[in-house]
Enquirer: 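Dropping a structure here in structure tokens format, bear with me for questions.
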Amino acid sequence: MRHKGWLALVGIAVAVVALPAIRHSTDFPMFYLIFLSGILFWTAQSTSWNILSGYSGYFSFGQGAFFGVGVYTMAVLFGRQGINWWVAALAAGLAAMLLGLAIGTIAFRLRSLRGEIFALLTLAIPFILASLARLSKAIDGGQGIVIPVPEAPSFLSQFQEFVFVVSGVVALFALTVAYVMQHTRYGWALFAIRDDEDVAEGLGVPTFFHKMIAIGVTGLIAGISGAVAALQLGFVSVEGTFNLDVPLFVIVMSVLGGRGHWAGPMVGAVYVYTLQNRLASGGFEGWSLIVLGALLVLVMLLAPEGLMAGFRRRPWLSAGIFIVIFLGLWLLGITSDPVTALALALGVTAVIAFIPGGGDRSTSSLVDSGEPQEHHAPVGDEPTDERAEVGRPLLVAENVVMTFGGVRALRGVSMRIHEGELVGLVGPNGSGKTTLVNLISGAFPPTSGSISLDGTGIVGARPHRVAHLGIARTYQIPRPFTSLTVRDNVAMAIMFGREPLGLDASRRAASEYLDLVGMGGRADAFPGEINLHQRQLLEMARAIATRPSLLLLDEALAGLNPVEIDNAVDVVRRIRASGVSIVLVEHLLRVVNQLATRIVVLDQGLELAEGEPAVVMRDPAVVKAYLGRQADAAGD
């Protein structure tokens, strides 16, 4: 349905170009052009905020800073220095973008600056800039700056037509960027970051790079939009610029319209600005924040995904009702004010869109029975003969030490994994198994020691670089991207894996990996609609979709019933048969005994034993530390 998005963008572009011309040949009042200019301004601002905060989940209060930098760059360069207004507008965008990149360089490199800490950091920026502008006479000095009216092109007879066209160009640019990002790997990387940044990084997504793109684009659009707003204002002051109005309103507009869709902020801008206008015209301007707050609470309770989600569930009904009510009220003379007709049509459309029965985002995925497609013979008590040939060393870990404060989780562990091996990594709880997996996958560097993959050292490498070198992993508790379907979870891994493909090609290729794990019939389901076993299989499919040479399975059978264990074991065998070496962290020793070519036992951060399963399982030290003497007696 992408063509619908492009048609909408083309329609907006035509309206921006045509309305000034139509006004010259009709009695189209200037008030409505000013009203539409306001919607276009807020569309640009809220869309720019949504690219960072909606797409990536980094909730920001810094929009006022980007807007303010744009306003004052235009005021100083055009208002004081007399530089051409469009040069000043571009400079405003670049200045705000540089501010965003500076913030990102600091905030995005520190894991501690996430969530509410990032929000508080960005909240402080506008106040810092306000103080600088007030103290510096080169910027403002507390006196404010008068901005002259720029010379408009000859085909635009009045200044407000000029503002409308320029605001339309900026809004169209913002919407186009948001649309393109949503339908390419750049936007999908941000969606993955929003759902689970650490998992995204482990699948090969260079999260820092994509977050920097997002905050840079946010600053660029907000700065240019602020510069255009400065032209319309004619006079700017610190108090009127660096306040919380812009950040609060863009948040309300984006959340109300829907942060998960490129058009959501635009929808929110239309609703909020129209409501504000009608309240002001009715003498209730002081009630606007109360009404907006109540409306936002209502929408969050009834439709937490925003208005756009409801409209997408019933697109034709929503569009039809809006057109009929708007044209009926206006053209039939029921109201002579098209803005009033617009407000009533918007209200009724919102109500209709959320009447129960509007469909579900994942209805098509519910036709499947909910069980994996294949089940195979249960695991027997004796080791199988399916031993792939073991090749050269693939992973080499030497004397790896990991301390957390005063706790030594690993105390000089050395391990080698060869091509074609399936190595079982076992040990009591707290023995250091998951810590070792985290170190191998690059989640954090060891305190000392070396780890190399195929001769390349990976200590200190970011997880996405480790993934590109050929290591993939699963998690003890499945961590799917909850906003993406099963198919799109796997497609994400393909897009950013060792052999990356485009979005469409990745979604097609995802079927191969889902079929391998028996999840092809649940491709269109969302993670919240599948059970634990299926989420574990999804973890495996997503991991192998990066095309790794080494797969780390961290307790992939935990919490499963016997039938599900049998199926998961068969999937692991098929993955290994495809040529992937595997490290299996597992507490079910019978399963490890059947699958592993070799077992490594850890205890209290040390390697206790290593060798063939049959030999290791009878080692007295292993029996004492892990199985216990009673189990040893029972085994005899």
Enquirer: Consider only side-chain N and O atoms of D524 and T485, and report whether a donor and an acceptor are under 3.5 Å apart.
Expert: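 Side chains of D524 and T485: no pair found under 3.5 Å.
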
Enquirer: Measuring from M266:CE to S254:OG, what's the distance to the nearest 0.5 Å?
Expert: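 M266 atom CE to S254 atom OG measures 12.0 Å (nearest 0.5 Å).
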
Enquirer: Quick check against the 3.5 Å criterion: does R185 have a side-chain atom that pairs as donor or acceptor with the backbone of M495?
Expert: yes

Enquirer: Does CZ in R194 sit with more than 12 non-hydrogen atoms of other residues, nucleotides or ligands closer than 6.0 Å?
Expert: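 Yes, CZ of R194 has more than 12 neighbouring heavy atoms, counting only those of other groups under 6.0 Å.
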
Enquirer: Side chains of H210 and M181: does their closest heavy-atom pair fall under 4.5 Å?
Expert: no

Enquirer: For S48, is there any backbone N or O sitting under 3.5 Å from a side-chain donor or acceptor partner on T218?
Expert: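 Here the side-chain-to-backbone pair exists.
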
Enquirer: Backbone N or O of A119 within a donor-acceptor pair of the T122 side chain at under 3.5 Å?
Expert: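 Judged by distance alone, yes, a pair lies under 3.5 Å.
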
Enquirer: I'd like to know if the side chain of S506 reaches the main chain of L501, judged simply by a donor and an acceptor atom lying under 3.5 Å from each other, with no hydrogens or angles considered.
Expert: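 Yes; at least one donor-acceptor contact below 3.5 Å.
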
Enquirer: Taking atom types as modelled and ignoring hydrogens, do the side chains of D140 and Y72 form a donor-acceptor contact shorter than 3.5 angstrom?
Expert: yes

Enquirer: Answer whether the closest heavy-atom distance between the side chains of F526 and T482 falls below 4.5 Å.
Expert: no

Enquirer: Below 4.5 Å, heavy atoms only, C-beta onward: do F164 and L40 meet side chain to side chain?
Expert: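 In short, these two side chains touch, coming nearer than 4.5 Å.
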
Enquirer: Looking at D488 and A491, would you say the former's side chain and the latter's main chain have a donor-acceptor pair under 3.5 Å?
Expert: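 No, because the side chain of D488 does not come within donor-acceptor range (under 3.5 Å) of the backbone of A491.
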
Enquirer: Checking the side chain of N50 only, and the main-chain atoms of P265 only, is there a donor and an acceptor separated by less than 3.5 Å?
Expert: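 No; judged by distance alone, with no hydrogens or angles, the pair does not exist.
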
Enquirer: With a cut-off of 6.0 Å (strictly less than), are more than 12 heavy atoms of other residues, nucleotides or ligands near OH of Y186?
Expert: no

Enquirer: Measuring from Q182:CD to W188:CH2, what's the distance to the nearest 0.5 Å?
Expert: 9.0 Å

Enquirer: Any side-chain donor paired with an acceptor under 3.5 Å for R259 and S53?
Expert: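 R259 vs S53: no donor-acceptor pair found between side chains.
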
Enquirer: Please tell me if the side chains of Q276 and F249 come closer than 4.5 Å, counting only heavy atoms from C-beta onward.
Expert: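 A side-chain contact exists here, since the closest heavy-atom pair is under 4.5 Å.
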
Enquirer: Are the side chains of F162 and L231 in contact, using a 4.5 Å heavy-atom criterion?
Expert: yes

Enquirer: Please step through side chain to side chain contact (heavy atoms under 4.5 Å, CB included) for the pair L175 and W262, ending with a clear verdict.
Expert: CA-CA 7 Å; L175 290 170; W262 66 272; 4.2 Å; yes

Enquirer: Does W42 use its side chain to pair, donor to acceptor, with the backbone of V250 at less than 3.5 Å?
Expert: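 No, because the side chain of W42 does not come within donor-acceptor range (under 3.5 Å) of the backbone of V250.
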
Enquirer: Is there side-chain contact between V246 and Q63, with heavy atoms separated by less than 4.5 Å?
Expert: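 In contact.
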
Enquirer: Is the terminal nitrogen or CZ of R109 (NZ for Lys, CZ for Arg) located under 6.0 angstrom from the six-membered ring centre of F208 and within 45° of that ring's axis?
Expert: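 Verdict for F208: a cation-pi partner in R109.
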
Enquirer: So how far is it from S60 OG to L123 CG, rounded to the nearest 0.5 Å?
Expert: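 One finds 9.5 Å between OG of S60 and CG of L123.
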
Enquirer: Please answer whether the main-chain N or O of G240 pairs with a side-chain N or O of N243 as donor and acceptor at a distance below 3.5 Å.
Expert: yes

Enquirer: Counting distance only, does the side-chain N/O of T241 pair as donor-acceptor with the main-chain N or O of S237 below 3.5 Å?
Expert: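 Yes; at least one donor-acceptor contact below 3.5 Å.
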
Enquirer: Walk me through it: do I39 and Y273 pass the test side chain to side chain contact (heavy atoms under 4.5 Å, CB included)?
Expert: CA-CA 6 Å; I39 290 179; Y273 194 74; 3.5 Å; yes

Enquirer: Please check this pair: side chain of E305 against backbone of G260, looking for a donor-acceptor N/O pair closer than 3.5 Å.
Expert: no

Enquirer: Do Y58 and E197 get their side chains close enough for a donor-acceptor pair, meaning under 3.5 Å?
Expert: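 The answer is yes; a qualifying pair exists.
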
Enquirer: Hey, what's the ring geometry for F61 with F59, parallel, tilted or perpendicular (30° and 60° as the breaks)?
Expert: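 Taking F59 first and then F61, their aromatic rings stand perpendicular (interplane angle over 60°).
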
Enquirer: Is there a side-chain contact between F78 and W86 (heavy atoms, below 4.5 Å)?
Expert: no

Enquirer: Do I34 and Q160 come close enough that some side-chain heavy atom pair is under 4.5 Å?
Expert: yes

